[in-house]
Number of protein chains: 4
Amino acid sequence: MNKNASAPYEYSMLMRVRDYEVDSQGIVNNAVYLHYLEHTRHEFCREAGTSFRSMQAEGIDPVLRRVDIEYLTPLRLGEEMESRLTLRRQGARFMFRQEIFRMPDGAPVVRADVTVVSLRDGRLTRGDELAEAFAKYL
Amino acid sequence: MNKNASAPYEYSMLMRVRDYEVDSQGIVNNAVYLHYLEHTRHEFCREAGTSFRSMQAEGIDPVLRRVDIEYLTPLRLGEEMESRLTLRRQGARFMFRQEIFRMPDGAPVVRADVTVVSLRDGRLTRGDELAEAFAKYL
Amino acid sequence: MNKNASAPYEYSMLMRVRDYEVDSQGIVNNAVYLHYLEHTRHEFCREAGTSFRSMQAEGIDPVLRRVDIEYLTPLRLGEEMESRLTLRRQGARFMFRQEIFRMPDGAPVVRADVTVVSLRDGRLTRGDELAEAFAKYL
Amino acid sequence: MNKNASAPYEYSMLMRVRDYEVDSQGIVNNAVYLHYLEHTRHEFCREAGTSFRSMQAEGIDPVLRRVDIEYLTPLRLGEEMESRLTLRRQGARFMFRQEIFRMPDGAPVVRADVTVVSLRDGRLTRGDELAEAFAKYL
């Protein structure tokens with residue numbers, strides 16, 4: 001009964017489903033998980049000492065290039081989750097491996113690979129600013 | 001059996017419920033109606049020859065001051081609606097009376113009084129730019 | 001500098017703006033506050049020892065009749081809020097007075113009167129089940 | 001300058017960005033595209049003579065297994081899009097290839113592979129009911 005036999009992770013946070021996120025099938029709507037994933041990345045940024053707001057203020061615009069998400073177990077009204085994240089850099093691209101687990105039983109909810117790049121004045125950068133912000137995690 | 005015995009209106013549009021707007025009670029979530037109302041006001045602006053985008057570009061920021069909404073009949077999966085709007089000015093305030101009816105039976109869905117004011121550089125204006133944009137409706 | 005000199009309240013919770021809740025004007029979209037208010041009511045129910053989920057399971061359907069909301073100070077990226085709630089009963093209607101304050105400065109964000117009634121099998125009840133659930137707050 | 005030289009498609013619909021779907025970066029939020037894709041699938045079902053609602057009524061629950069989405073060109077305030085869909089079956093899995101193009105210039109916005117399976121009473125079916133519903137497209 002190993003509940004969470006997944007990769008080691010660099011950041012983790014707890015959230016609870018908000019009732020309005022549940023759709024007419026009684027489960028959290030598929031698009032809402034992208035909000036959970038985004039919120040987790042932003043809270044991770046905050047922990048790393050930066051923020052979406054401050055990046056925008058400096059003219060850096062992190063943008064999503066790709067999300068590959070598998071839906072494993074649907075979350076329902078009132079359930080709690082743990083959202084985990086691992087980061088690695090591949091040239092100009094930052095690859096987040098993100099996983100959400102239902103709590104307390106640890107059932108896997110979604111698993112996603114999220115690719116982010118960094119724009120400055122609308123142009124792709126080599127990602128050095130992001131790499132600096134995330135230095136201790138890379 | 002007069003289905004729509006309500007006020008005359010200046011703008012009207014048809015929409016259909018999108019499935020993700022319906023919550024676990026099987027009805028459109030209460031907050032979604034504010035999206036419908038906002039979308040209707042913006043489409044009305046477009047018809048009036050202006051747009052949210054162009055107002056922002058000119059430094060004018062229309063902002064909501066108050067919404068007083070009554071929920072009468074809930075909309076469900078796949079249903080259609082007609083969204084109607086009437087506008088009048090009261091000094092610096094623009095008062096939208098908005099109503100949504102279920103189609104085709106005309107059951108009243110919501111009725112709302114929406115108050116909008118106009119900011120420029122973060123400060124309340126007398127509303128003359130908005131009045132100009134909406135001249136033919138006031 | 002106590003700016004929070006408002007009514008005594010029965011329930012209060014802290015939340016932080018999630019970045020995706022902010023719209024192109026740089027402020028939390030008006031409909032999102034209805035989500036905050038709903039989430040606060042549901043967390044209050046949980047504290048009162050009941051839940052949306054368990055009410056639905058018992059065939060009781062609390063539904064919104066009216067929301068009268070004033071927008072006072074817009075919330076922005078990353079800001080924190082305290083959401084407060086007071087409840088009183090008026091016959092079959094349950095009236096929530098809800099207020100949100102920006103933290104830590106206590107600026108008033110929204111103030112809303114929210115009217116809820118209770119349905120069983122689609123019909124209005126006298127509200128006695130809700131009154132029982134909320135007995136210690138009424 | 002025909003930029004739409006992509007695969008033939010079986011269903012296509014036009015939509016316009018609603019202003020509240022745009023986030024603080026001035027672009028449609030990444031999760032909203034999943035709403036667009038879902039709405040397109042549901043409208044396609046409707047055209048195919050079935051609907052989400054009627055499937056649920058018959059105890060069939062189509063659920064998402066995976067979404068692999070690439071973000072190519074962000075949509076902005078007021079822009080229009082064409083959303084296209086192609087469907088093929090692979091055993092119990094239904095694979096939607098979905099693409100959204102900005103209109104009128106045809107710039108590619110997103111490209112997604114969406115995998116759907118069918119549950120009955122919570123158990124995976126062989127997909128024969130879905131195959132029947134979509135017979136003329138497979």
Side-chain angles (χ1 to χ4, degrees), chain B residues 13-58 60-64 67 74-81 83 85 96 98 100 102-103 114 116 133, chain D residues 13-64 67 74-81 83 85 96 98 100 102 114 116 133:
Chain B
M13 67 180 289
L14 295 172
M15 281 184 275
R16 184 153 59 202
V17 172
R18 295 181 180 177
D19 292 359
Y20 62 79
E21 296 166 338
V22 171
D23 69 15
S24 66
Q25 291 184 290
I27 58 180
V28 168
N29 181 270
N30 66 82
V32 172
Y33 295 101
L34 268 68
H35 281 327
Y36 294 160
L37 297 178
E38 178 183 291
H39 187 54
T40 306
R41 292 193 304 276
H42 291 189
E43 290 294 307
F44 166 70
C45 285
R46 191 186 298 274
E47 204 207 46
T50 182
S51 79
F52 207 59
R53 192 183 200 169
S54 63
M55 288 190 209
Q56 284 184 292
E58 290 166 29
I60 303 169
D61 231 4
V63 296
L64 235 54
V67 174
L75 286 172
R76 295 172 185 280
L77 281 179
E79 292 186 337
E80 293 195 87
M81 73 194 92
S83 178
L85 169 162
F96 291 88
Q98 298 193 243
I100 295 178
R102 188 174 61 196
M103 286 294 140
V114 176
V116 171
Chain D
M13 66 180 289
L14 295 172
M15 280 184 275
R16 183 153 59 201
V17 172
R18 295 181 181 179
D19 292 359
Y20 62 80
E21 296 167 338
V22 172
D23 68 15
S24 65
Q25 289 183 293
I27 59 180
V28 169
N29 182 271
N30 65 83
V32 172
Y33 295 101
L34 268 69
H35 281 326
Y36 294 160
L37 297 178
E38 178 183 289
H39 187 54
T40 306
R41 291 193 303 277
H42 290 189
E43 291 293 308
F44 166 70
C45 286
R46 192 186 297 274
E47 205 208 45
T50 182
S51 79
F52 207 60
R53 191 183 201 169
S54 62
M55 287 190 210
Q56 284 184 290
E58 290 166 27
I60 302 168
D61 230 4
V63 295
L64 235 54
V67 174
L75 287 172
R76 294 172 186 280
L77 280 180
E79 291 186 337
E80 292 195 85
M81 73 193 93
S83 179
L85 169 161
F96 292 88
Q98 299 193 243
I100 295 177
R102 188 173 61 197
V114 177
V116 171

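Just so you know, these numbers come straight off a predicted model, no measurement behind them. The chains referred to below are lettered A, B, ... by the order of the sequence lines, with proteins before strands, and numbering in each begins at 1.
When heavy atoms are compared at a cutoff of 4.5 Å, His35(D) approaches chain B by way of both its backbone and its side chain.
Here the CD atom belonging to Glu38(B) is positioned 6.5 Å from the CG atom belonging to Asp19(D), to the nearest 0.5 angstrom.
Counting heavy atoms from C-beta outward, Glu43(B) and Arg16(D) have side chains that approach closer than 4.5 Å. Contact check for Glu21(B) versus His39(D): no side-chain heavy atoms found under the 4.5 Å cut-off.
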| query | Hey, mind stepping through Arg46(B) and Glu80(D) against salt bridge (charged side-chain N to carboxylate O under 4.0 Å, His left out) and telling me if it holds? | reply | CA-CA 14 Å; Arg46(B) 191 186 298 274; Glu80(D) 292 195 85; over 6 Å; no
